[in-house]
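Data first, discussion second: the structure below is written as structure tokens.
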Amino acid sequence: MKFLPVSFLILALATAVAFAYDPSPLQDICVATNDLNSGVFVNGKFCKDPKQATADDFLFTGFRNPGNTSNPLGSKVTPAFVNQFPGLNTLGISMARIDFAPGGLNPPHTHPRGTEVLVVVEGTLLVGFVASNQLNNTLFTKVLYKGDVFVFPIGLIHFQLNIGNTYALAFAGLSSQNPGVITIANAVFGAKPPISADVLTKAFQVDKKVVDYLQAQFWYDNN
């Protein structure tokens, strides 16, 4: 009996790990639907009756055309998450297409619920991610060329910059149907209502005028 508390601890840790990612599906398909009268609530979405599902529910055509990079960042992310692609519901995966103008940036951001694996299809990208405080915020960075693949661990801040003189294109796979996106600059300086200037001046060790200037900017979202 003296080993019982240890057994409970192991069980608790295993349970915590199990719920750290999207739960495994309990049925073959669960196409998301907004019709609450004909759906069953599963994993954050209502599911269409499987007998009413069609092949079109499992097709996403949003990657056929390039994203519009005529914006301050020079990039455009086209997500294929569960909200855009209902057939992904309960399957624990999603994708995104990322278009870059020359010099275009997908700014520092995190996916709180998913690891990202990126493949470069065209162009040359400088990519990187920053480890947590535990690893002294070490930057892991690399220049990627056509055909290269790079992985960004779940929850860590990462970025992609087109350092070439031509258009660049990459596709990302993510380990969640809804990995979420937190763009760092937008979240810190574009929060609504604004984060107290007292907090930001101390956190970034800058003058209040700098904080006021940054909070007054229009923080573009390329997603």
Side-chain angles (χ1 to χ4, degrees), residues 16-25 29-30 32 43-45 58-67 69 73-101 104-132 134-135 137-164 166-187 221-223:
V17 172
F19 283 101
Y21 300 92
D22 291 359
S24 298
I29 56 176
C30 185
N43 201 32
K45 289 287 183 179
F58 304 96
L59 171 68
F60 180 77
T61 61
F63 290 166
R64 291 180 178 177
N65 299 314
T69 59
L73 294 173
S75 71
K76 177 61 180 177
V77 177
T78 304
F81 299 170
V82 68
N83 288 338
Q84 297 83 26
F85 191 1
L88 295 180
N89 198 37
T90 75
L91 300 183
I93 57 171
S94 59
M95 289 188 68
R97 171 182 175 139
I98 314 164
D99 293 271
F100 299 86
L105 170 70
N106 190 14
H109 63 281
T110 72
H111 302 292
R113 294 180 294 276
T115 290
E116 174 182 342
V117 59
L118 184 87
V119 58
V120 179
V121 177
E122 296 289 345
T124 305
L125 298 179
L126 172 67
V127 307
F129 67 86
V130 181
S132 67
Q134 182 179 359
L135 292 179
N137 304 122
T138 302
L139 171 64
F140 295 83
T141 184
K142 201 74 177 175
V143 174
L144 305 185
Y145 302 93
K146 182 177 179 178
D148 288 346
V149 179
F150 197 83
V151 65
F152 305 101
I154 184 171
L156 298 186
I157 296 172
H158 58 283
F159 62 87
Q160 299 107 25
L161 173 67
N162 181 4
I163 59 174
T166 61
Y167 164 85
L169 172 65
F171 287 93
L174 299 110
S175 62
S176 170
Q177 69 177 40
N178 186 21
V181 181
I182 302 173
T183 305
I184 306 306
N186 299 42
D221 184 1
N222 67 338
N223 287 276

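Residue numbers run from 1 in the order of the sequence given. Quantities reported herein were computed from a predicted structural model and do not represent experimental measurements.
Take Phe63 and apply the ring pair (Phe, Tyr, Trp, His ring centres under 6.0 Å) test, not counting sequence neighbours, and it matches Phe60, Phe171. Under the side-chain hydrogen bond (donor to acceptor under 3.5 Å, both in side chains) criterion, Asn106 pairs with Gln160, Asn222, sequence neighbours left out. The side chain to side chain contact (heavy atoms under 4.5 Å, CB included) test applied to Asn137 returns Val130, Asn133, not counting sequence neighbours.
With rounding to the nearest 0.5 angstrom, the CD1 atom of Ile184 is 4.0 Å from the CD1 atom of Ile157. Annotation: the span from Leu105 atom CG to Thr69 atom OG1 amounts to 12.5 Å, rounded to 0.5 Å. Taking CD1 of Ile182 as the reference point, atom CZ of Arg113 lies at 8.0 Å (rounded to 0.5 Å). Taking OH of Tyr167 as the reference point, atom CG of Leu169 lies at 4.0 Å (rounded to 0.5 Å).
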Which atom pairs, one a donor and one an acceptor, fall under 3.5 Å between side chains of residues 138-155 and the rest of the protein, sequence neighbours left out?
from: Thr138; atom 1: OG1; to: Leu135; atom 2: O; distance (Å): 2.6
from: Thr141; atom 1: OG1; to: Val127; atom 2: O; distance (Å): 2.7
from: Asp148; atom 1: OD2; to: Tyr145; atom 2: N; distance (Å): 2.8

Validation: residues 77-88 side-chain donor-acceptor distances under 3.5 Å, sequence neighbours left out:
from: Asn83; atom 1: OD1; to: Lys45; atom 2: NZ; distance (Å): 2.6
from: Gln84; atom 1: OE1; to: Phe81; atom 2: N; distance (Å): 2.9

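Annotation: side chain of Gln177 is in contact with side chain of Asn89 (closest heavy-atom distance under 4.5 Å). With a 4.5 Å cut-off on side-chain heavy atoms, Leu125 and Ile98 do not count as touching.
Side-chain atoms of Thr183 never come within 3.5 Å of backbone atoms of His109 as a donor-acceptor pair (strictly under, hydrogens ignored).
Residues in residues 77-98 take part in these salt bridge (charged side-chain N to carboxylate O under 4.0 Å, His left out) pairs, two or more places apart or across chains: Arg97-Asp99.
Considering all non-hydrogen atoms of both residues, Phe159 and Pro107 come closest at CB-C, 4.2 Å. Minimum heavy-atom separation, Ser176 to Ser94: O-OG, 2.7 Å. Nearest heavy-atom pair, Leu174 versus Glu116, reported as atom, atom and distance to 0.1 Å: CD2-CB, 3.8 Å.
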